[in-house]
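Quick note: numbers below take in every heavy atom, side chains included, and nothing from hydrogens, waters or symmetry partners.
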Amino acid sequence: MEKTASGVVLCEDGLARPAWAAVDPMLRDYYDTEWGVPVHGEQAIYERISLEGFQAGLSWATILRKRPAFREAFKDFHPDTVAAFGDAEVERLMQNAGIVRNRAKITAAITNAKATIALREDGGLDGFVWSFKPDATPAPQNIEQVPTTSAESIALSKALRKRGFAFVGPTTMFALMEAIGMIDTHLVDSHRRGSSGVWG
């Protein structure tokens with residue numbers, strides 16, 4: 001593997017990837033098949049918001065490794081099921097070594113499930129989140145040009161907080177927008193640039 005001038009790594013398969021996706025096979029597979037691919041549907045968006053919230057202050061690799069355990073613990077992130085979680089479920093989750101045992105983040109996931117249900121009266125979570133899709137996407141030439149927030153992620157964060165969501169800061173929401181294909185922050189010489197089909 002060799003690092004190119006733009007900061008991506010030319011991997012042994014001949015494909016260029018950012019450093020975070022170049023070594024760990026799990027992260028490479030996630031980058032190649034999932035990250036930046038458009039995600040729609042209430043349950044899927046709610047799951048992504050939940051996992052991005054749990055990721056705050058941690059590495060994405062940590063969350064990805066624990067994702068199967070998260071899905072089991074949070075009943076596949078079915079909003080109606082999670083919204084019904086009470087104190088007993090919170091304590092059960094706090095004892096679950098397979099997930100991130102952070103009480104504030106666990107209660108935020110429950111809070112956000114309730115907020116997701118409330119949004120159904122106003123078009124639903126999917127449409128709400130995607131309404132903040134920008135008119136243009138970044139086109140970073142190198143790693144240093146990849147932003148961590150945007151006007152849209154700041155606006156989405158504020159709008160979600162107003163609707164009762166927690167752990168949805170501007171940086172977290174920018175990461176969500178990247179992950180679900182609302183923006184394309186793949187470097188221009190990455191083999192995944194334009195793969196979402198949203199931006200061409």
Side-chain angles (χ1 to χ4, degrees), residues 1-41 44-67 70 100 105 125-161 165 167-200:
M1 290 190 295
E2 62 177 282
K3 202 168 188 178
T4 66
S6 66
V8 297
V9 176
L10 192 61
C11 299
E12 64 274 3
D13 60 3
L15 299 176
R17 298 178 178 88
W20 68 263
V23 180
D24 186 320
M26 176 190 67
L27 288 173
R28 183 184 294 197
D29 182 64
Y30 174 72
Y31 179 79
D32 285 351
T33 64
E34 196 173 342
W35 190 72
V37 174
V39 172
H40 287 284
I45 300 283
Y46 165 64
E47 175 182 348
R48 300 314 194 283
I49 288 175
S50 299
L51 292 178
E52 293 290 352
F54 275 104
Q55 189 265 331
L58 302 170
S59 74
W60 180 243
T62 297
I63 301 303
L64 204 54
R65 283 191 189 90
K66 291 177 178 286
R67 185 164 64 171
F70 270 114
V100 173
K105 292 178 180 181
L125 182 62
D126 185 337
F128 187 85
V129 168
W130 274 89
S131 72
F132 288 86
K133 176 180 167 288
D135 294 328
T137 191
Q141 300 282 341
N142 56 58
I143 297 294
E144 288 70 36
Q145 291 179 2
V146 178
T148 56
T149 61
S150 67
E152 291 81 13
S153 79
I154 293 167
L156 174 58
S157 172
K158 287 180 180 176
L160 285 171
R161 283 174 170 161
F165 285 78
F167 274 90
V168 288
T171 303
T172 300
M173 289 304 94
F174 190 81
L176 173 78
M177 292 166 72
E178 290 178 296
I180 68 172
M182 281 175 66
I183 51 175
D184 185 350
T185 56
H186 290 291
L187 298 191
V188 293
D189 62 353
S190 164
H191 81 281
R192 294 290 291 166
R193 180 74 190 177
S195 58
S196 70
V198 173
W199 299 101

So, for Thr33 and Val37, which heavy atoms are closest and what is the spacing to 0.1 Å? O-CG2, 3.7 Å
Under the side chain to side chain contact (heavy atoms under 4.5 Å, CB included) rule, what do Thr137 and Val198 come out as? Steps first, then yes or no, please. CA-CA 10 Å; Thr137 191; Val198 173; over 6 Å; no
Do Leu187 and Val146 have side chains that approach each other closer than 4.5 Å (heavy atoms only, starting at C-beta)? yes
Worked check of side chain to side chain contact (heavy atoms under 4.5 Å, CB included) between Val188 and Gln145: CA-CA 11 Å; Val188 293; Gln145 291 179 2; over 6 Å; no
If I take atom OG1 from residue Thr149 and atom CE from residue Met173, how far apart are they, to the nearest 0.5 angstrom? 12.5 Å
If you look at every heavy atom in Ala16 and Val8, which pair is closest and at what distance? CB-CG2, 3.8 Å
Check whether Thr172 reaches the backbone of Val168 with its side chain - one donor and one acceptor, N or O, closer than 3.5 Å. no
Decide yes or no for Ile49 and Phe167: does some side-chain heavy atom of the first lie under 4.5 Å from some side-chain heavy atom of the second? no
In Å and rounded to the nearest 0.5 Å, what is the CD1 to CD distance from Ile63 to Glu52? 9.0 Å
Which atom pair, heavy atoms only, marks the closest approach of Ile183 to Pro134? CG2-CG, 3.5 Å
Hey, what's the ring geometry for Phe54 with Phe70, parallel, tilted or perpendicular (30° and 60° as the breaks)? tilted
Less than 4.5 Å apart, side chain to side chain, heavy atoms only: is that true for Thr185 and Phe174? yes
All heavy atoms of Trp130 vs all of Ile180, minimum pair found to be CZ2-O, 3.3 Å
Audit row: Phe165, Leu125, side chain to side chain contact (heavy atoms under 4.5 Å, CB included) steps and yes/no: CA-CA 11 Å; Phe165 285 78; Leu125 182 62; 3.8 Å; yes
Are side-chain heavy atoms of Glu178 and Pro147 found at a separation under 4.5 Å? no
Whether Trp60 and Tyr30 hold their rings parallel, tilted or perpendicular, with breakpoints at 30° and 60°: tilted
Apply side chain to side chain contact (heavy atoms under 4.5 Å, CB included) to the pair Leu58 and Lys105, showing each step before the final yes or no. CA-CA 12 Å; Leu58 302 170; Lys105 292 178 180 181; 4.2 Å; yes
Does some side-chain heavy atom of Leu176 sit less than 4.5 Å from a side-chain heavy atom of Val129? yes
Distance in Å, Lys158 NZ paired with Ser153 OG, rounded so as to fall on 0.5 Å steps: 10.5 Å
Which of these, His186, Arg192, Arg17, sits in a side chain to side chain donor-acceptor pair (under 3.5 Å) with Tyr31? His186
Heavy atoms only: give me the nearest Ala61-Leu27 pair and the separation to one decimal. CB-CD1, 3.9 Å
Quick one: does Asp13's side chain get under 4.5 Å of His191's, heavy atoms only? no
Interatomic distance, Ser131 atom OG to Asp126 atom CG [nearest 0.5 angstrom]: 10.0 Å
Mind listing the closest non-hydrogen atom pair of Arg193 and Pro138 along with its distance? NH2-O, 2.8 Å
